[in-house]
There are 2 protein chains.
Amino acid sequence: MVDTALASLFAHFEQYIKLSTSLRDALAERMHLVTFKKGDLIHNADTICKESYFIQKGILRTYFLKDGKEITEYFVSENEWVNSPRSMIQQKVDIYFIDALEDTIAFKLKIHHLGYLFDNFPEMERYARLSMGSLFGHFMERITSLRFTTAKEKYDHFLTVYGDLYPRLPLGMVASYLGITQETLSRLRAER
Amino acid sequence: MVDTALASLFAHFEQYIKLSTSLRDALAERMHLVTFKKGDLIHNADTICKESYFIQKGILRTYFLKDGKEITEYFVSENEWVNSPRSMIQQKVDIYFIDALEDTIAFKLKIHHLGYLFDNFPEMERYARLSMGSLFGHFMERITSLRFTTAKEKYDHFLTVYGDLYPRLPLGMVASYLGITQETLSRLRAER
DNA sequence: GTTGATTTTTGATCCAGATCAAAAAGTTAT
DNA sequence: ATAACTTTTTGATCTGGATCAAAAATCAAC
């Protein structure tokens, strides 16, 4: 169980860097599997983010509150990292909450362990640089999509990018992610 | 002239990492000042991006074409880097053009020199990780702004973030950056 | 400074999607 | 299975900002 989980974790890293045995060992020692139940709050915006999670199974959601309503910032699933970015980096509070949309298994990595890895394995810095770089493209696409597409096009784009996740997600959360109302999304869905 | 330029470049790096003398020297050797005239095309979307620029003076704009019209992706000014991110990282063509909105002085860094710096100075990797991290906050704010604010609020937010740049920018470019029409932006401006 | 080109403003109309409201379908717990 | 709650759908109305069009202001070049 733990070994197959570790294997997929290592495979993820290997997409960006070559993993030395010593780095493998260092990672295995510091990343620990934790489980969440559907609905669990993983990170509260009131607190400073002290850990990152690498999802093994399940879906987590980052959201914030606007006028008392939960607005989805993004969804995270298998083989992706989550934390509250600015809170994590600058060690101050930020607006984001993280909760579990399904029963979830994840590796937990504490910030001081992450710091240790960065300080002792330059290839970890490279991994971070490269993996963040590939997120940039997604951000840019999303920004373009928000500026210049109709609700229908946003919905279609969402399906191509998150098609596998989509059936597992409540409608309202998808709507707030796309910046449209739930009613509009429901109507779009109906017309096909 | 070159020394004060180098000083501001180093000061930028020092926000994130401590610069060793050898890294200073390596940077000074590989980054060369170039100038552009207003209107010059710095990067053509037809080509693979082979260099990054660190702006010393002036404004560059990243844009792409949609239905034959230029859509601003973002503006870059003093003490910021520009390139075509995905083209640079993956060394393939992408949709973005870069041009000069003013006469501009910038440091040019070729990709193979950048690679050399990353390979030989682990602190460069750290610099890249940390500086990219701080861009994330801006991306997230922009995404939120695009999803949930009125044209007026977008305009106000732009003024607080890019207030100093604003008077130097053509209206239409700002409008496409914000995802609203030039007419709407013009009306917003009038009503205050 | 006059001419031609570009940018900005102003005006009139229109529509995609928001909002408000309530019914229907689906979920969860006893 | 039934009650209580949550999520999704459907309906009716309204509006911010788009679109189309043209005038006014700015800018650039000879």
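All chains are named by letter (A, B, ...) in the order of the sequence lines, taking the proteins before the strands, and each is independently numbered beginning at 1. These numbers were taken from a predicted model, which means no experiment stands behind them.
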Using residues 161-173 of chain A as the side-chain source, report each donor-acceptor pair under 3.5 Å to any protein atom, sequence neighbours left out, with the distance given to one decimal.
unit_1: A:Tyr166; atom_1: OH; unit_2: A:Arg189; atom_2: NH1; d: 3.2
unit_1: A:Arg168; atom_1: NH1; unit_2: A:Glu102; atom_2: OE1; d: 2.8
unit_1: A:Arg168; atom_1: NH1; unit_2: A:Glu102; atom_2: OE2; d: 3.2

Q) Who are the side-chain contact (heavy atoms from CB on, under 4.5 Å) partners of B:Ile48, not counting sequence neighbours? A) B:Lys50, B:Ser87, B:Gln91, B:Val93
Q) Through what angle, rounded to 10 degrees, does the axis of the helix from C:dG1-D:dC30 to C:dT30-D:dA1 turn between its ends, using five pairs per end? A) 60°
Q) Considering residues at least two apart in sequence or located in another chain, which fulfil the side-chain contact (heavy atoms from CB on, under 4.5 Å) criterion with B:Ser8? A) B:Gln56, B:Asn79
Q: Go through the structure and list residues passing side-chain contact (heavy atoms from CB on, under 4.5 Å) with A:Ala151, not counting sequence neighbours.
A: A:Ile180, A:Thr184, A:Leu188
Q) Which ones in residues 171-184 of chain A lie close to DNA chain C, meaning a heavy atom under 4.0 Å from one of its atoms? A) A:Gly179, A:Ile180, A:Thr181, A:Glu183, A:Thr184
Distance-only check: which donor-acceptor pairs under 3.5 Å involve side-chain atoms of residues 126-142 of chain A, not counting sequence neighbours?
unit_1: A:Arg126; atom_1: NE; unit_2: B:Glu125; atom_2: OE2; d: 2.6
unit_1: A:Arg126; atom_1: NH1; unit_2: B:Asp119; atom_2: OD1; d: 3.4
unit_1: A:Arg126; atom_1: NH2; unit_2: B:Asp119; atom_2: OD1; d: 2.7
unit_1: A:Arg126; atom_1: NH2; unit_2: B:Glu125; atom_2: OE2; d: 2.9
unit_1: A:Tyr127; atom_1: OH; unit_2: A:His12; atom_2: NE2; d: 2.6
unit_1: A:Tyr127; atom_1: OH; unit_2: A:Trp81; atom_2: NE1; d: 2.7
unit_1: A:Arg129; atom_1: NE; unit_2: B:Glu125; atom_2: OE1; d: 2.5
unit_1: A:Arg129; atom_1: NH2; unit_2: B:Glu125; atom_2: OE1; d: 3.2
unit_1: A:Arg129; atom_1: NH2; unit_2: B:Glu125; atom_2: OE2; d: 3.2
unit_1: A:Ser131; atom_1: OG; unit_2: A:Tyr127; atom_2: O; d: 2.9
unit_1: A:Ser131; atom_1: OG; unit_2: A:Ala128; atom_2: O; d: 3.4
unit_1: A:Ser134; atom_1: OG; unit_2: A:Tyr16; atom_2: OH; d: 3.4
unit_1: A:Ser134; atom_1: OG; unit_2: A:Ser131; atom_2: O; d: 2.9
unit_1: A:Glu141; atom_1: OE2; unit_2: B:Arg86; atom_2: NH1; d: 3.4
unit_1: A:Arg142; atom_1: NH1; unit_2: A:Glu73; atom_2: O; d: 2.8
unit_1: A:Arg142; atom_1: NH2; unit_2: A:Glu73; atom_2: O; d: 3.1
unit_1: A:Arg142; atom_1: NH2; unit_2: A:Tyr177; atom_2: O; d: 3.2

Protein-nucleotides 25-28 of chain D N/O pairs closer than 3.5 Å?
none

Q: Sequence neighbours left out, what pairs pass salt bridge (Lys or Arg N to Asp or Glu O under 4.0 Å) with at least one residue falling in residues 22-43 of chain A?
A: A:Glu14-A:Arg24
**Q.** Under the side chain to side chain donor-acceptor pair (under 3.5 Å) test, residues paired with A:Ser176 that sit two or more places apart
**A.** A:Thr72
Q | Members sharing A:Ile89's hydrophobic cluster (side chains within less than 4.5 Å) | A | none
**Q.** Neighbours of DNA chain C within residues 59-75 of chain A, by heavy-atom distance under 4.0 Å
**A.** none
